[in-house]
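The structure appears right after this line, and notes come after that.
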2 protein chains.
Amino acid sequence: MAHELEQKALASYLEDHNLKHTKQREAILSIFLDIKGHITGEELYQRVREQHSNIGYTTVYRTMKLLCDAGLASERHFDDGITRYEIEHEHHDHLVCLRCGKIIEFECQKIESAQDEIVKRHDFQLLRHRHELYGHCSECQGKERGGS
Amino acid sequence: MAHELEQKALASYLEDHNLKHTKQREAILSIFLDIKGHITGEELYQRVREQHSNIGYTTVYRTMKLLCDAGLASERHFDDGITRYEIEHEHHDHLVCLRCGKIIEFECQKIESAQDEIVKRHDFQLLRHRHELYGHCSECQGKERGGS
DNA sequence: ATAGGTGCAAAGGATTTGCATGGAA
DNA sequence: TTCCATGCAAATCCTTTGCACCTAT
């Protein structure tokens with residue numbers, strides 16, 4: 001079985017929470033893990049459909065929510081308002097190309113510590129943040145408009 | 001007339017663009033300017049209604065879009081997906097309390113310059129960014145759940 | 001007179017929910 | 001057998017649009 005580690009993680013999460021292990025959940029996890037970048041619910045649904053024409057939209061959404069709870073995926077919201085999912089991994093932020101839609105990850109210790117200062121200054125308890133840089137990627141800078 | 005400067009700015013924007021100066025636009029601008037913080041379309045609509053029960057939802061939305069184009073307002077999108085408007089002013093970012101909904105503005109030169117570095121490193125052309133810190137404000141840190 | 005503006009209701013798009021059926025445990 | 005999961009359709013939420021009427025210019 002591909003993605004054995006993650007499938008096991010899912011299985012044990014399901015057991016621990018008295019939830020059921022279904023073909024749909026296994027299939028959606030597997031297809032989701034095959035994708036490297038950030039995928040929308042719609043896109044994921046399409047991919048799932050290619051292999052499992054009987055799986056519904058609803059199940060994809062519900063399963064992604066489940067995978068987020070299980071710590072295998074995380075939700076991202078960029079400016080277009082469409083929810084995207086990515087494989088859960090260490091903290092990072094994003095550069096988003098407004099022409100081709102490319103999403104690049106970055107992390108920056110300088111910013112993190114500057115944030116900590118701000119949070120302290122306002123006596124805030126920081127739970128999470130969101131930091132996105134929007135612009136044109138190197139490939140799109142010459143173009144009038146961008147495709148993908 | 002209150003907010004004379006802004007009303008004039010609106011008037012000249014309207015003239016320049018062959019648009020019409022209406023009571024609704026004047027009223028919405030005036031009420032919007034009375035609000036200090038960040039307001040949702042819904043809240044603004046309610047406030048407008050208190051004084052002008054004949055103004056519709058649609059007009060509030062359309063007018064806010066107009067005010068944004070005119071540079072008098074700007075739209076903000078936080079994690080709850082609801083559009084908020086604020087008076088247009090120099091660049092800043094936000095701290096958002098997840099309990100009481102309080103929104104605090106901040107600006108940080110350190111972060112700005114760190115961003116510039118990242119953007120250069122990826123050969124990106126930066127157009128705008130979004131940086132939001134979510135957590136609990138000082139007043140809400142003791143509470144189980146928050147009102148307001 | 002003539003564009004643009006308004007307000008209602010209806011549409012829109014992404015996501016969620018109700019409900020009867022299906023399938024793990 | 002029991003309860004959770006599924007899939008469809010309908011509902012939801014915020015926001016936008018169509019359209020007939022209205023009103024600045």
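The sequence lines fix the lettering, A, B, ..., with proteins before strands; numbering per chain opens at 1. Side chains included, hydrogens not; waters and symmetry mates left out as well; all remaining heavy atoms used. The structure presented is a predicted model; accordingly, all values stated were derived computationally and were not measured.
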Per A:T59 side chain, nearest of listed nucleotides C:dG4, C:dG7, D:dG7:
D:dG7
In this structure, how many angstroms lie between the C1' atom of D:dA5 and the NE2 atom of A:H17, rounded?
17 Å
From CG of A:N54 over to P of C:dT21, roughly how many Å is that when rounded to an integer?
19 Å
Integer-rounded Å distance: D:dT23 P and B:I55 CD1
13 Å
What nucleotide among C:dC8, D:dC8, C:dT16 has an atom nearest to a side-chain atom of A:R62?
D:dC8
Rounding to an integer number of Å, can you tell me how far A:M64 CE sits from C:dT16 P?
12 Å
Presence of donor-acceptor pair under 3.5 Å, side chain of B:T58 and base of C:dC8
yes
How many whole angstroms separate atom CG of B:D79 from atom P of C:dT15?
14 Å
Hey, does A:Q24 reach any base, or is it just sugar-phosphate, or nothing, if we go heavy atoms under 4.0 Å?
sugar-phosphate
Of the nucleotides D:dT16, C:dG4, C:dT6, which has the atom closest to the B:K20 side chain?
C:dG4
Taking 4.0 angstrom as the limit, do A:R76 and A:E132 come out as a salt bridge?
no
Of the nucleotides D:dT16, C:dA14, C:dG5, which has the atom closest to the A:Y61 side chain?
C:dA14
Is there a side-chain polar atom (N or O) of A:K65 under 4.0 Å from OP1 or OP2 of C:dT16?
yes
Report the nucleotide, chosen from C:dT16, C:dT6, C:dA14, that has the shortest atom-to-atom distance to any side-chain atom of A:I82.
C:dA14
Whether B:Y57 and B:Y61 hold their rings parallel, tilted or perpendicular, with breakpoints at 30° and 60°
parallel
Just to confirm, is there a sub-4.0 Å distance from OP1 or OP2 of C:dT6 to any side-chain nitrogen or oxygen of B:R25?
yes
To the nearest angstrom, how far is B:L14 atom CG from D:dT23 atom C1'?
15 Å
So, A:H129 versus A:D93: side-chain donor-acceptor pair below 3.5 Å or not?
yes
Using a distance-only test with no angle check, is there a side-chain donor-acceptor pair under 3.5 angstrom linking A:E90 and A:H92?
no
Over all strands shown, is B:R49 touching base, sugar-phosphate only, or nothing at heavy-atom distances under 4.0 angstrom?
sugar-phosphate
Can you figure out which of C:dT16, D:dT15, D:dA5 approaches the side chain of A:T22 most closely?
D:dA5
Find the distance between NE2 (A:H131) and CD (B:Q115) and round it off to the nearest 0.5 Å.
3.5 Å
Scan side-chain atoms only and decide if B:H38 and B:E86 contain a donor-acceptor pair under the 3.5 Å cut-off.
yes
5'-most contact on DNA chain D: A:L66 or A:Y45, nearest heavy atom basis?
A:L66
B:H77 atom NE2 is separated from D:dC14 atom P, nearest whole Å, by 14 Å
Quick one: on DNA chain C, does B:G56 or B:N18 contact a more 5' nucleotide (nearest heavy atom)?
B:N18
Please report the distance, rounded to the nearest Å, between CG in B:D69 and C1' in C:dG4.
16 Å
Does a nitrogen or oxygen in the side chain of A:T83 sit under 4.0 Å from OP1 or OP2 of C:dT15?
yes
